[in-house]
Visitor: 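Sending over a structure as structure tokens; questions will come in a sec.
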There are 2 protein chains.
Amino acid sequence: MRQIKKPTIRDVAQEAKVTTSTVSRVLNESTLVKPRTRQKVLDAIERLGYIPSKTARIFKSGKSYILGLVIGQSHISNIMFNAGFQAQFKALTEKAHKEGYNILLITAATADSESYFEVIKNQVADGFIIFSPSQNDTLTAMLEEADIPYVYNMKYSDNPQDRYYVSSDDVEGGYIAGKYLLDLNHKHIRFVVGSVKGGYLPFNADRIRGFQKALKQYGVPFQEEMIVKIPGQMDESYNGIHKLFQTDRPTALMISNEITTVAALNYFFDHGIRVPQDLSVIGFGPSEFFRSLRPNLTNVSYDLAWSSAKLVDLLLQRIEGKPVTPEMPKKPELVIRDSTARYSEAAPKPS
Amino acid sequence: MRQIKKPTIRDVAQEAKVTTSTVSRVLNESTLVKPRTRQKVLDAIERLGYIPSKTARIFKSGKSYILGLVIGQSHISNIMFNAGFQAQFKALTEKAHKEGYNILLITAATADSESYFEVIKNQVADGFIIFSPSQNDTLTAMLEEADIPYVYNMKYSDNPQDRYYVSSDDVEGGYIAGKYLLDLNHKHIRFVVGSVKGGYLPFNADRIRGFQKALKQYGVPFQEEMIVKIPGQMDESYNGIHKLFQTDRPTALMISNEITTVAALNYFFDHGIRVPQDLSVIGFGPSEFFRSLRPNLTNVSYDLAWSSAKLVDLLLQRIEGKPVTPEMPKKPELVIRDSTARYSEAAPKPS
DNA sequence: CTGTTAGCGCATTCAT
DNA sequence: ATGAATGCGCTAACAG
């Protein structure tokens, strides 16, 4: 029954008593193949169980209809359980499939330019969606040099030339969160963010900037200790929150990472800190996620489905060599739920 | 600076004043290329910015080092936010990368055999990891016929010949959960499971079987209403739990799906049903997930990292044509945490 | 140690 | 409407 070797287009041609050209024509639904010959070929294909070699087709056409999604290996564990990543990932794959592409998941050993480029250049894909490495200037240069289409999932440079990304307005995000808390009379606010090698990811830097803008507007002086760096994994976050609350008792918290948010809520649950009675909490990320938490969390809501779809569009434009139409960053919205309350001195304080 | 066309191995050969064979040899670090020529070639490569065509290499070698992960499009939304899937997915990609493979995410329009086969056969991948479609007998036959290496993520057949999967012992899972609740004096138990087209997924059927075994052992008669079918998405689950608790007040719940578990906990939070005081709850899935819930959930713990790695091993064995060594299903363990308590009449009942 | 030759499976000229 | 011939980029067998 089974062939020793998989049948090729030649076997089909022979079986159908035609040439490979004809077979190729019926495969590609070419114009004008006589119905009779066409049927002969189809029969032969059926009889042999012939499947055209995708590999050869890619080789010939130069198009794989594959989009590479590049992530640093060290990030993958953390990132995979992050609600924002999940939302992006889902939107990315759905959009890609809608456009006839599949997603190839690529991980680099580390999150630096060299490691990224090393894996990217050896991959079969028409273009790459890159989850930004720690530094990406050299990576960008290398990709340009090699003429490889790419897009980044976030703002990756301050050079206005570098506009191959779709972002949200993160300054606005930090601003509306801060402003809302200040409106609620909070002054003792802490902004919990992740940190990479002591610095901030660009979007966190922007959010902090927005937060500072709100503070200034309300005449509250910014102090360094308002920014609290806590790692983004569950246990480390829990410990980080613990450490914070041993020395400090803010009345409001902004948390830039979803996993840290869950860890914080768990910590508050475990230690009888009531949200929002004792503490107001604002999260950042996809709204559906915060809606599934208890208490329902007030959050700065990002439309990741939208930005992910735009990102794929952008990449496809680059692949097709079309001029790229940059997208305006979408403003995030504040969704007010049950985790934020007005601060007053009279409010019960945790012991 | 940039070439009109990407340089090929021929361009390099010309530039280095050697033949393509020699270039190929240095690319493949072949034995015995004179250091001097080797350096000449390397220089030429550097000068031209040459990158070997992965596509051509795949075409030649027939090996892509890509593993296809096949999911029904209708499932992808639900599956992506499911803790068990995430854990599998993460473990799968990490293991694949460790073995030098990348994961290509493939979605089929629907979850039936024809749709699955249609996308699979047109993909470039050395083998496929298939998240089981609703019915897979014909799919399996077609894959065998086409000589495509595949494995399923779960038991997909009762034919002992069909052993291309790695599973856990789900009968045991249902059994230990039921037994523990019975030990705690619960009799009014409900087992919440998903359902597909009115039937159960094989692993749920097994878990139910295990539950029945426990009941029998304790002399508690099984009744149909002990099994509650609730869809696996967040909102539908919430509504399903709501509906259940309007007509029924079990003292203990086993929940076969992680999202449904979260939805249920949210419902209990919203309606003042205390866990475990008013209701004991047992979840099924990866332990880390249930540990991140509040209250900390007692759960039947599956080692998805282990089974996923084994699954990749199995697939690689098939790809390499090695005889397949089937793996014994691993027994899940009951991890007792804070969501289960002994039942006594005196216990406070919700109003 | 290096060059010559052939061919992987397919699509695409160019003839007929 | 179909066949014959060519080549995509690379590797490998065979010479030399």
Side-chain angles (χ1 to χ4, degrees), chain A residues 3-45 48-65 121-126 146-148, chain B residues 3-45 48-65 121-126 146-148:
Chain A
Q3 309 286 323
I4 303 294
K5 267 179 54 53
K6 299 197 180 184
T8 78
I9 197 171
R10 258 184 287 275
D11 299 320
V12 176
Q14 197 170 353
E15 175 81 12
K17 296 187 175 51
V18 294
T19 55
T20 59
S21 325
T22 308
V23 179
S24 178
R25 287 194 188 95
V26 339
L27 287 177
N28 296 288
E29 293 165 10
S30 158
T31 48
L32 313 185
V33 180
K34 204 205 291 178
R36 267 193 52 122
T37 20
R38 182 185 163 71
Q39 194 54 49
K40 276 202 311 189
V41 172
L42 257 23
D43 288 346
I45 288 175
L48 265 45
Y50 167 72
I51 298 173
S53 156
K54 180 75 173 209
T55 297
R57 286 181 153 179
I58 293 178
F59 175 58
K60 265 298 277 186
S61 69
K63 277 225 65 170
S64 65
Y65 289 95
K121 71 173 188 178
N122 286 313
Q123 228 56 54
V124 41
D126 298 335
D147 203 20
I148 296 172
Chain B
Q3 309 287 324
I4 305 293
K5 266 180 54 54
K6 301 199 179 180
T8 76
I9 197 170
R10 257 184 288 273
D11 300 319
V12 176
Q14 198 170 352
E15 175 81 13
K17 298 187 174 50
V18 295
T19 55
T20 58
S21 323
T22 307
V23 179
S24 178
R25 286 192 188 97
V26 338
L27 287 176
N28 296 289
E29 293 164 11
S30 158
T31 48
L32 314 183
V33 180
K34 205 204 293 180
R36 266 193 52 121
T37 16
R38 183 185 162 71
Q39 194 52 51
K40 277 202 308 189
V41 172
L42 258 21
D43 289 345
I45 288 174
L48 265 45
Y50 166 73
I51 298 173
S53 157
K54 181 74 173 209
T55 299
R57 285 181 153 177
I58 292 178
F59 175 57
K60 260 304 270 187
S61 70
K63 277 224 65 170
S64 65
Y65 289 96
K121 73 173 188 180
N122 286 313
Q123 228 57 55
V124 43
D126 297 334
D147 203 19
I148 296 173

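Every chain is numbered from 1, with letters handed out A, B, ... down the list of sequences.
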Visitor: Given atom CZ of A:F59 and atom C1' of C:dG9, what is their separation to the nearest angstrom?
Guide: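 From A:F59 CZ to C:dG9 C1': 9 Å.
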
Visitor: Answer yes or no: side-chain N or O of A:S21 and base N or O of C:dA11 forming a donor-acceptor pair under 3.5 Å.
Guide: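 Answer no: no donor N or O sits under 3.5 Å from an acceptor.
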
Visitor: By the 4.0 Å heavy-atom rule, please label A:V18 as base, sugar-phosphate, or nothing.
Guide: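 Sugar-phosphate, backbone atoms only, no base.
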
Visitor: Could you tell me the separation between the OG1 atom of B:T22 and the CD1 atom of B:I9, rounded to the nearest 0.5 Å?
Guide: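 Reported value, rounded in 0.5 Å steps: 9.5 Å.
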
Visitor: Output the rounded distance in Å from NZ (A:K54) to C1' (D:dC8).
Guide: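 Result: 17 Å.
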
Visitor: Checking A:K63 against A:D126 for the salt bridge (Lys or Arg N to Asp or Glu O under 4.0 Å) test, could you report, in this order, the C-alpha distance in whole Å, the side-chain angles of both residues, the deciding distance, and whether it holds?
Guide: CA-CA 6 Å; A:K63 277 225 65 170; A:D126 298 335; 3.8 Å; yes

Visitor: Starting at the 5' end of DNA chain C and moving along, which residue's nearest nucleotide shows up first, B:T19 or A:R57?
Guide: B:T19

Visitor: Find the distance B:D11:CG to D:dC10:P and express it as a whole number of Å.
Guide: 9 Å

Visitor: Between B:K63 (NZ) and C:dC8 (P), how many Å, whole number?
Guide: 21 Å

Visitor: Is there a side-chain contact between A:F59 and B:V124, using heavy atoms and a 4.5 Å cut-off?
Guide: no

Visitor: To the side chain of B:K60, which of D:dT11, C:dG9, C:dT2 is closest?
Guide: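 Nearest to the side-chain atoms of B:K60, counting from C-beta on, is D:dT11.
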
Visitor: To the nearest 0.5 Å, what is the distance between CG (A:D11) and CD1 (A:I45)?
Guide: 11.5 Å

Visitor: May I have the distance from A:N122 (atom CG) to D:dC10 (atom P), rounded to whole angstrom?
Guide: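 To the nearest whole Å, that distance equals 12 Å.
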
Visitor: Taking the side chain of B:S24 as heavy atoms from C-beta outward, which of D:dG9, D:dT11, D:dG3 is closest to it?
Guide: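 So the nucleotide nearest the side chain must be D:dT11.
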
Visitor: Can you tell me how far CG of A:N122 sits from OH of B:Y65, rounded to the nearest 0.5 angstrom?
Guide: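 Taking OH in B:Y65 and CG in A:N122, the distance rounds to 13.0 Å.
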
Visitor: Measure from the side chain of A:R25, starting at C-beta and using heavy atoms only, and say which of C:dG3, D:dA1, D:dG3 lies closest.
Guide: D:dG3

Visitor: Just how far, in rounded Å, is P of D:dC10 from CZ of B:R10?
Guide: 8 Å

Visitor: Just the rounded figure in Å: distance from C1' of D:dC8 to CD1 of A:I9.
Guide: 15 Å

Visitor: When you measure from the side-chain N and O atoms of A:T37 to the phosphate of D:dT2, is any distance below 4.0 Å, counting only OP1 and OP2?
Guide: yes

Visitor: Please report, rounded to the nearest Å, how far the C1' atom of C:dG9 is from the CG atom of A:L48.
Guide: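 Roughly 15 Å, once rounded to whole Å.
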
